[in-house]
Amino acid sequence: MLAKLIDWSGRNRFLVLLATLFVIIAGIIAVLRTPIDALPDLSDVQVIVYTEYPGQAPQVVEDQVTYPLTTAMLAVPKSRVVRGFSFFGASFVYVIFEDGTDIYWARSRVLEYLNFASGRMPKGVTPQIGPDATGVGWVYQYALIAKDKTLAELRTLQDWYVRYPLTKTHGVAEVASIGGFVQTYQVTVDPAKLRAYGIPLMKVAQVIRDSNRDVGGRVVEMAETEYMVRGKGYLRGRDDIELLVVKAERGTPVLIRDIARVELAPDERRGLTELNGEGEVVSGIAMARYGENALEVIHKLKTRIEDIGPGLPPGVTVQTVYDRSELIHRAIETLKGTLIEESIIVALVCVVFLMHVRSALVAILMLPVGVLMAFIAMHLLGMSSNLMSLGGIAIAIGAMIDAAIVMIENAHKHLERLPESHSPRDRLDAMLAACREVGPALFFSLLIITVSFMPVFALEGQEGRLFSPLAWTKTFSMAGAAILSVTLVPVLMMLFIRGRIMPEARNPVNRVLIRLYRPIIAAVMRWKKLTIMLAVLALLASIYPASRLGSEFMPTLNEGTLLYMPTSLPGMSMTKAAELMQTQDKIIKSFPEVASVLGKAGRANTATD
């Protein structure tokens, strides 16, 4: 069957080349549309339930929020693990699902069970699910810098002007704010005056709550025109709060300003950021949505930041403090350099050993077509292009080229045997015979190499998520090479293997290597037992150094960004944490190799931190 396929390909060169053209076009489209990231996503399929319970101690949050939510989430279908964490004023419940579960199906199931659990929450407490991002979705972070603005003004600018346009960017799940001060109106009540006027504290809170609202009153028709009746009651500032009436006796009102002090003050904060040891800044963290192209998301974020730049107040700039696109570009450049180097080596080997430049084109042209076929399969399966998946292609390149080289060399042997006065038809028949002779064996040998990574697909959990992209792309590349070896390679051989073919015996390189090889193989065949014993000794000698080799789960990456994570005593105040962090950042920034240092204490205002 394979021999017939080789014959058909050799006699229908136009159709094979046309099909190859379609494969190349489809491969280029797949390359452009395949998501690009630095590493495969190793995180579990999880949904985060985030609940704020302001001012409450962790034990209260655990008893009233975390425990009811955790027990309710245990019944979610396909959930594997449910973890609950209680902090001061916040609760996190992580629902981890089985591998292969669709993230949006999981989110919808959690929402269903969250509706039942919400009725068991304290009054005013509303659980919410986190963004549809993963543990590696933190792709970009920026800081707002201004010399003539306070931290409160910068935080207001971040929350109400910068954050929303960036959240609208395609592929962004959330933009979380951290650092600065959130401005709030605080009413500081005088207990002595409350007692003197006989006003309970809850009455003050109720008055402020009820007074901050607008109401509608239907419509009034006057002079053939309808007028909408509206009662305007939203509080616009501190003066409006001070003038609220808490109590009235004998026509004399008691106002908020009579019993309390109203002021604009910062809200309690649980996180802060510091830049280069120069002081606190306001920062934003952009989270990429699940399955999105990280490189494209970062590019669109940068474009959107440039668009909103002219609208910022004078002196305010947006400075990038973390950008994963640099690591992604370095990973791509590494693979690109590897492909170019291997192509050059293949060309040199073909030229040196075959003494025929055009024969090298057969192997060189087959290589990118096989890689593009792998990208087509990656795109169809929804895989991302990352360091591991591209590494699988790089590993497969050496074996992909073997079939083409063997077929070219066999064709040279057949052409050497032709008489001097052979016709073009005899030349084509000789090359087809050479392909039929070794093509089926090469096809099955490539298939054997293809299935050699099958045990990797049996890995589960994080190991499977890390190494399966490498196994998939190597399998795709080898399968593509096997198909091309019996279709495209015979056609390329007929097009490029022309002119005079130098016999192997006249090639000076081959003659030198054969002279060196013959005495070695003769000695090995003569002393068989000694050869086997030396091989066994070499194997045994490798056991000790192999046992002393270190091991790591992740490959070492020169990302250019280091994470220094010191720990402190529990209960440290935010003020002291800011002081220590600024000192540390100043010391780290003093090293000439360091470009910038961003310090972070506490957590950002997001469910993912």
Inset, instruction - Give, for atom OH of Y322 and atom CH2 of W138, the distance between the pair rounded to the nearest 0.5 Å. - result: 9.5 Å
Inset, instruction - Sort and list the pairs that fulfil salt bridge (Lys or Arg N to Asp or Glu O under 4.0 Å) and have at least one residue in residues 286-303, not counting sequence neighbours. - result: D132-R289, E296-K300, K302-D323
Legend entry - Nearest-0.5 Å distance that lies between atom NE2 in H379 and atom OG1 in T34: 6.0 Å
Legend entry - Counterpart residues, side-chain contact (heavy atoms from CB on, under 4.5 Å), relative to L380 (two or more places apart): I376
Legend entry - Side-chain touch I259/D190, heavy atoms, less than 4.5 angstrom: no
Inset, instruction - Mind listing the closest non-hydrogen atom pair of I328 and A294 along with its distance? - result: CD1-CB, 4.2 Å
Inset, instruction - Please report the closest heavy-atom contact between V95 and S79, naming both atoms and the distance. - result: CG1-CB, 3.9 Å
Inset, instruction - State whether the number of non-hydrogen atoms from other residues, nucleotides or ligands found under 6.0 Å of Y161 atom OH is greater than 12. - result: yes
Legend entry - Nearest-0.5 Å distance that lies between atom OG1 in T317 and atom CG in L144: 8.0 Å
Legend entry - S91-T66 side chain donor-acceptor pair, cut-off 3.5 Å: yes
Inset, instruction - Please identify each residue that fulfils salt bridge (charged side-chain N to carboxylate O under 4.0 Å, His left out) with R107, with sequence neighbours left out. - result: none
Inset, instruction - Check whether any side-chain heavy atom of Y234 lies under 4.5 Å from a side-chain heavy atom of N212, and answer yes or no. - result: yes
Identify every side-chain donor-acceptor pair in residues 172-180 under 3.5 Å, counting partners at least two apart or on other chains, and give the distances.
from : atom 1 : to   : atom 2 : distance (Å)
E174 : OE1    : T606 : OG1    : 2.6
E174 : OE2    : T606 : OG1    : 3.4
S177 : OG     : Q158 : NE2    : 3.0
S177 : OG     : D159 : OD1    : 2.8

Legend entry - Contact summary for V281 and T273, nearest pair of heavy atoms: O-OG1, 2.6 Å
Legend entry - Verdict with supporting geometry, D267 and F181, side chain to side chain contact (heavy atoms under 4.5 Å, CB included): CA-CA 7 Å; D267 192 10; F181 298 98; over 6 Å; no
Inset, instruction - Please name the pair of heavy atoms, one in G392 and one in T473, separated by the smallest distance, quoted to 0.1 Å. - result: CA-OG1, 3.4 Å
Inset, instruction - Assess whether side chain to side chain contact (heavy atoms under 4.5 Å, CB included) is satisfied between W472 and M378, documenting all intermediate values. - result: CA-CA 8 Å; W472 276 116; M378 289 171 57; over 6 Å; no
Legend entry - Pairwise side-chain contact, R269 with V182, heavy-atom cut-off 4.5 Å (strictly under): no
Legend entry - Point-to-point distance, once rounded to the nearest 0.5 Å, from CG of L598 to CD1 of I588: 11.0 Å
Inset, instruction - Step through the shown structure and confirm whether more than 12 heavy atoms of other residues, nucleotides or ligands are within 6.0 Å of CG on L381. - result: yes
Legend entry - Sub-4.5 Å side-chain heavy-atom contact between P122 and V65: yes
Legend entry - Qualifying ring pair (Phe, Tyr, Trp, His ring centres under 6.0 Å) pairs, either residue in residues 71-96, two or more places apart: Y50-F92, F85-Y94, F87-F92
Legend entry - Atom of A75, atom of Y113 and distance for their closest heavy-atom approach: O-OH, 3.3 Å
Inset, instruction - Answer yes or no: is there a side-chain heavy-atom contact under 4.5 Å between W105 and R109? - result: yes
Legend entry - salt bridge (Lys or Arg N to Asp or Glu O under 4.0 Å) pairs, two or more places apart, involving residues 585-602: K600-D609
Inset, instruction - Can you measure from CZ (F375) to OG (S477) and round to the nearest 0.5 angstrom? - result: 8.5 Å
Legend entry - Pairwise side-chain contact, T150 with Q183, heavy-atom cut-off 4.5 Å (strictly under): no
Could you go through residues 304-313 and list every donor-acceptor pair under 3.5 Å that involves a side-chain atom there, pairing it with any protein atom two or more places apart or in another chain?
from : atom 1 : to   : atom 2 : distance (Å)
R304 : NH1    : P165 : O      : 2.8

Legend entry - CA sep, side-chain torsions, deciding dist, call: Q141, S283, side chain to side chain contact (heavy atoms under 4.5 Å, CB included): CA-CA 7 Å; Q141 186 171 355; S283 180; 2.9 Å; yes
Inset, instruction - State which residues pass side-chain contact (heavy atoms from CB on, under 4.5 Å) with M574; sequence neighbours excluded, sorted by chain then number. - result: L272
Legend entry - Exam field: side chain E274 to backbone G279, donor-acceptor pair closer than 3.5 Å: yes
Inset, instruction - Decide yes or no for L157 and E153: does some side-chain heavy atom of the first lie under 4.5 Å from some side-chain heavy atom of the second? - result: no
Inset, instruction - Please list, chain by chain and in numerical order, all residues satisfying salt bridge (charged side-chain N to carboxylate O under 4.0 Å, His left out) with D210, sequence neighbours excluded. - result: R213
Inset, instruction - State the OG1-CD1 distance between T101 and I96, to the nearest 0.5 angstrom. - result: 12.0 Å
Inset, instruction - Name all residues meeting the side-chain contact (heavy atoms from CB on, under 4.5 Å) criterion together with A377; count only those two or more places apart in sequence or in a different chain, and write none if there are none. - result: F476
Inset, instruction - For V47 and F97, run side chain to side chain contact (heavy atoms under 4.5 Å, CB included): C-alpha distance rounded to whole Å, both residues' side-chain angles, the deciding distance at 0.1 Å, then the answer. - result: CA-CA 8 Å; V47 179; F97 289 82; 3.8 Å; yes
Inset, instruction - Could you tell me whether a side-chain N or O of S211 sits under 3.5 Å from a main-chain N or O of I208, the two making a donor and an acceptor? - result: no
Inset, instruction - Check whether any side-chain N or O of Q186 sits under 3.5 Å from a backbone N or O of P266 as a donor-acceptor pair, and report yes or no. - result: yes
Legend entry - Within residues 77-92 or reaching into it, pairs that qualify as salt bridge (Lys or Arg N to Asp or Glu O under 4.0 Å) - sequence neighbours excluded: D44-R80
Inset, instruction - May I ask you to test the I285-M287 pair for a side-chain heavy-atom distance under 4.5 Å? - result: yes
Legend entry - Any residue meeting side-chain contact (heavy atoms from CB on, under 4.5 Å) with L255, in chain and number order, not counting sequence neighbours: L243, V245, P253, R257, D258
Legend entry - For L154 against V282, the heavy-atom pair lying closest together: CB-CG2, 3.6 Å
